[in-house]
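This report refers to the structure that appears directly beneath it.
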Amino acid sequence: MLPAAGEPAAGDSWGMLACLCTVLWHLPAVPALNRTGDPGPGPSIQKTYDLTRYLEHQLRSLAGTYLNYLGPPFNEPDFNPPRLGAETLPRATVNLDVWRSLNDKLRLTQNYEAYSHLLCYLRGLNRQAATAELRRSLAHFCTSLQGLLGSIAGVMAALGYPLPQPLPGTEPTWAPGPAHSDFLQKMDDFWLLKELQTWLWRSAKDFNRLKKKMQTPAAAVTLHLEAHGF
Amino acid sequence: MLFQIQISRMKTSNVIWVGNYSTVVKRDPVLHWSWKSELPLECATHFVRMRSRVDDAKIPEPRFWSNWSSWKEADAQKSLGRDPLFLFPKDKLVEEGSNVTICYMSRNQQDNISCYLEGQQIHGEQLDSNVSAFKLNKVSFIRKTGTNIFCKVDQKDVIKGIVLFVSKVLEEPKDFSCETQDFKTLTCTWDPGTDTSLPKRSSQSYTLFESFSGKKILCEHKNSCNWQVDSDSQEMYNFTLVAENALGNRSVSVLFSLTHRVHPKTPYNLFLKNVSGTKATVTWKVHPIGNYSTLLCQLDLLGEGNVIQQHNVSIKENGEYLLSELEPDTEYMARVRCADANHFWKWSGSISQKFITAEAAPSEALDVWRNVKSVSGRPTVTLFWKPLSKLHANGKILSYNVTVENLDRLSGLEVHSVPATANGTELTLDQDSYQIHVTALNSAGPSPASVIVVSGDPGNEEVEEERVNGTEDGFSVSWKPQSGKAIGYVVEWCDHPQDLPCDLQWKNLSSNTTSTVISSGAFRPGVRYNFRIYEISTERMAYLLEKKAGYLKELAPSDNPQVVVSNLTSHSFTLSWKDYSTDSQPGFIQGYYVYLRSKAEKECHPGFKKATLPDKSACCQHRIDNPEQKTFVMENLQPESVYEFLVTPYTSAGSGPLDAFTKVTTPDEYSHILIRIILPMIVCVLLIMITCYLKSQWMKEKCYPDIPDPYKSNVLSLIKSKENPHLTIMNVSDCVPDAIEVIHKPEGSKIQFLGASKSLTETEFTKPAYLYLLPAEKNYSGPGPCICFENLTYNEAAADSGSCGHFPVTPEALPGQPGPLTSPENLLKALEKNYMNSLGETAAGEASLNYVSQLASQMSGDKDSLPANPPEPVLCSEYKMQMAIPLGLASPPPAENSGLSSTTPLDQSEHYR
């Protein structure tokens with residue numbers, strides 16, 4: 001059926017195409033690619049990625065409400081205050097090269113730690129909220145964030161990474177000190193929401209990268225089969 | 001001692017405040033005095049000094065001031081640290097409407113600092129090179145999270161802000177009152193007004209203080225507080241309620257006696273017992289108040305949401321009351337509430353219970369009326385009755401009973417049961433008088449009977465109808481009593497007289513009434529309502545008294561009558577509209593207007609007057625005042641003129657539509673004379689024509705015979721005179737026939753001959769049958785006398801044979817014919833063959849005029865079919881065409897050889913080419 005090598009006949013390209021199609025058609029039947037038995041961390045990474053996108057959407061609405069609650073200038077779009085009292089918040093921004101060089105374990109660990117801290121701060125925010133509606137929204141978001149944390153823990157477990165243990169005494173607390181003025185407290189709330197948003201953007205990228213990475217071996221097999229077909 | 005205090009700002013010479021402070025100085029005293037600065041002290045250095053003087057009345061004047069103390073400096077800036085920018089006061093709480101001063105202090109004079117209040121830039125007053133202040137007057141509440149004020153150093157990442165918490169003004173509690181339900185607990189309630197709470201700030205609190213006992217409690221709720229009554233010893237209470245928040249307090253007091261503040265609990269266990277049609281017993285219970293207290297309970301009976309009865313009952317614990325005068329089969333609601341009988345303070349809550357009384361027999365007789373009519377000669381009585389109102393039905397009506405009793409003859413009672421849904425029934429009776437009883441039945445029994453007497457004799461129906469005027473209220477109908485023995489009157493009418501059934505209505509009136517107003521929501525303008533007034537005799541028989549007819553409001557007629565024109569002459573015509581009914585019009589027809597207009601006549605006829613139509617055109621109008629006059633004769637008209645007329649009725653409201661005029665043209669004055677002459681003439685002509693038709697054969701023979709008589713031909717006379725005076729006409733007896741030709745000419749064979757000859761070969765023909773008779777005498781074949789004649793009448797294209805000759809047939813004469821033709825069969829065959837051969841080109845003799853001469857052997861249809869037999873014609877057969885009428889068929893033109901068809905056996909197909 002295959003044409004003789006070195007003699008590119010007129011029907012060569014058609015024959016190759018036919019073979020390629022045949023191989024692609026039978027790909028699902030190749031045992032190495034059939035992942036129905038053991039799905040691996042792929043689906044949970046996808047779910048985690050989806051959850052980050054959902055939370056990102058949810059936060060957009062929540063932040064709008066909360067910043068209006070704080071009043072101007074915090075709800076103004078171009079307000080960009082210095083990060084004064086928010087140093088304890090985990091920073092999401094990182095050098096691109098550093099971010100690229102992170103291994104999966106470190107990447108996941110940073111995510112897990114960041115959300116653990118942010119969740120704690122967010123719960124403190126909820127306790128201080130003056131309106132019932134805002135408290136309800138914050139509580140709902142906290143539940144979703146708790147779910148994201150669990151999802152990350154699931155991915156780590158699937159990949160065989162241990163969960164980071166909080167160091168004793170480093171448990172973040174949300175308690176404004178006496179020197180912490182109300183204005184600074186509002187700044188902290190502002191930064192908390194801002195960092196949370198940046199972390200969700202970063203996590204989406206992290207999990208997207210992780211997802212692609214998990215899919216790479218399957219792609220290699222496919223290419224191999226294509227080569228074999230010809 | 002009296003102390004005078006001076007306060008300076010920035011520098012000692014800048015005294016901003018001076019005040020006195022008087023106090024009693026004891027031994028080893030440490031005195032405290034405070035002063036609140038509008039400007040935050042952090043923003044400027046303040047100085048204070050004082051001096052004192054004895055301020056005791058016991059010490060006589062003069063009293064001298066001591067020397068001023070040295071200035072004491074209050075500098076909060078020193079403890080601020082090294083930040084480049086400070087903003088004060090930090091997170092201050094003020095009441096709405098207060099004035100607040102804010103200041104900032106910059107370490108670097110070069111810095112350009114801008115400040116914002118709620119996002120809007122504010123500009124302050126510079127107190128110093130480093131210090132600026134902003135005065136906010138009458139600050140308002142914006143949000144619970146406070147008003148944000150911040151300053152930033154331009155071009156630097158430095159920002160400082162404060163939150164100014166503005167609290168709502170604390171209001172005095174309103175509607176403060178206390179009451180008890182059981183002499184054990186006093187419940188005080190109030191309206192707290194606006195909530196002044198702020199996040200992270202303590203909210204307003206309420207404290208209840210009783211001055212007689214000196215007790216004080218902090219209230220758990222913002223609008224109520226419970227006070228425990230210790231014992232019966234305290235009768236009077238003086239409560240003070242204090243509302244307090246971080247910025248101040250408000251209080252309100254109330255003084256009362258406990259026994260005057262009793263608010264009983266809601267009664268319970270409300271039941272209805274022994275509920276009959278008109279009575280019911282109500283029982284209920286109350287919570288006891290103390291040992292000797294009596295409660296006043298109010299029992300309301302409600303029907304359809306309205307209080308029908310109200311009763312006050314004093315009870316200790318159990319209440320009971322017998323409700324009477326209730327309506328049977330009616331839903332009621334019993335409602336009870338109680339209050340302290342001795343000192344009314346407030347009604348308790350209400351308890352209510354619905355109940356329905358039992359049914360009772362209907363309380364009133366039905367309102368029955370009748371309508372007597374004759375169906376197939378038998379009087380038929382239709383009874384109508386009005387359903388009983390809920391008030392009188394006393395329950396659900398199950399059926400109606402109609403009992404018929406013959407008054408003239410002794411017979412049994414006839415009882416009919418009519419279903420509850422019906423409002424009437426129909427009875428077929430005879431000429432006797434009958435008494436009819438109608439009762440309504442419910443579960444409790446029958447209603448009183450309604451009695452009516454009817455008779456088969458309808459009585460006097462010939463009562464003249466009068467007119468009655470309608471008003472907005474209805475029709476005012478009055479009548480004159482006749483017998484004086486009437487027990488009442490009934491006015492009967494139809495709500496919808498144009499419909500079937502017409503919705504018969506009636507109104508009962510007492511015997512002393514002679515007029516009434518009939519009103520109905522169904523009455524409409526333009527509808528004729530007929531009222532019949534009956535007198536009810538003591539025997540309960542109804543006699544027609546009067547008839548009235550009227551309109552609620554008369555309207556103008558909407559249609560005009562259909563007018564018939566008759567007796568049309570040149571000077572007059574008659575109009576009639578006898579079918580027009582005056583009774584079914586939207587008003588009483590008072591007469592008619594006859595309109596006439598003509599272009600020929602400008603003046604109106606006598607009896608007409610000029611009128612203008614709505615389209616501004618002029619016409620003549622004649623008024624007929626009698627509504628029953630339904631004919632009109634138009635006279636004095638011009639002959640041969642067009643007239644337009646219109647007949648329209650009129651009522652008191654106006655006339656009918658003036659739109660559709662009818663045209664009439666008067667005839668010529670002499671037309672009738674003409675008709676008298678022309679008509680007989682037409683008849684005569686017709687008679688002649690009929691005669692001609694009937695005598696057509698005779699006429700034909702006389703005028704245009706099929707076979708002209710040569711003796712009668714004028715040609716003959718010409719020939720005789722000019723050429724040969726001896727020429728004679730051949731007589732029939734001179735010729736001896738030798739052959740008979742029988743032509744069988746089927747009708748279906750029509751030869752299409754107009755086209756090319758070629759197509760003819762394809763045409764089918766029916767074979768003609770020929771029969772030749774051989775000459776009976778051989779010797780006769782010799783040449784005979786040659787007779788020629790010209791037929792001026794006929795077209796005989798094929799009459800080429802000698803009219804009286806014969807040709808001997810020889811066997812040689814038929815080339816190609818094998819057999820001898822001596823026998824008729826052979827000859828026939830040969831002829832057939834030739835015929836068939838040549839038929840394609842044969843001039844269709846059948847289609848041409850087929851004339852068989854008395855003597856000529858017919859050759860017309862097949863003159864070409866017989867060329868094969870060239871008899872040697874001895875006789876000269878000269879036949880000339882007199883009138884060439886080929887009839888469209890391609891007969892060969894009468895050429896030179898037309899008379900020589902027997903000379904050459906020429907194939908006709910070739911011949912035609």
Ranked by heavy-atom pairs below 4.5 Å to chain A, first place among B/V163, B/T147, B/N148, B/I142 goes to B/N148

Salt bridge (Lys or Arg N to Asp or Glu O under 4.0 Å) filter on B/E171, not counting sequence neighbours, yields B/K174

Turns out that what part of B/I149 lies under 4.5 Å from chain A's heavy atoms comes down to backbone

Return yes when the gap between the SG atoms of B/C225 and B/C188 is under 2.5 Å; return no otherwise. no

Would you say the rings of B/F176 and B/F239 are close, in the sense that their centroids are separated by under 6.0 Å? no

Assert top hit (heavy-atom pairs under 4.5 Å, partner chain A, pool B/V158, B/I162, B/L198, B/L87) equals B/I162

Bottom line for B/K152: the part with an atom under 4.5 Å from chain A's heavy atoms is neither

Interatomic distance, OG@B/S167 vs CG@B/L247, rounded to 0.5 Å, equals 5.0 Å

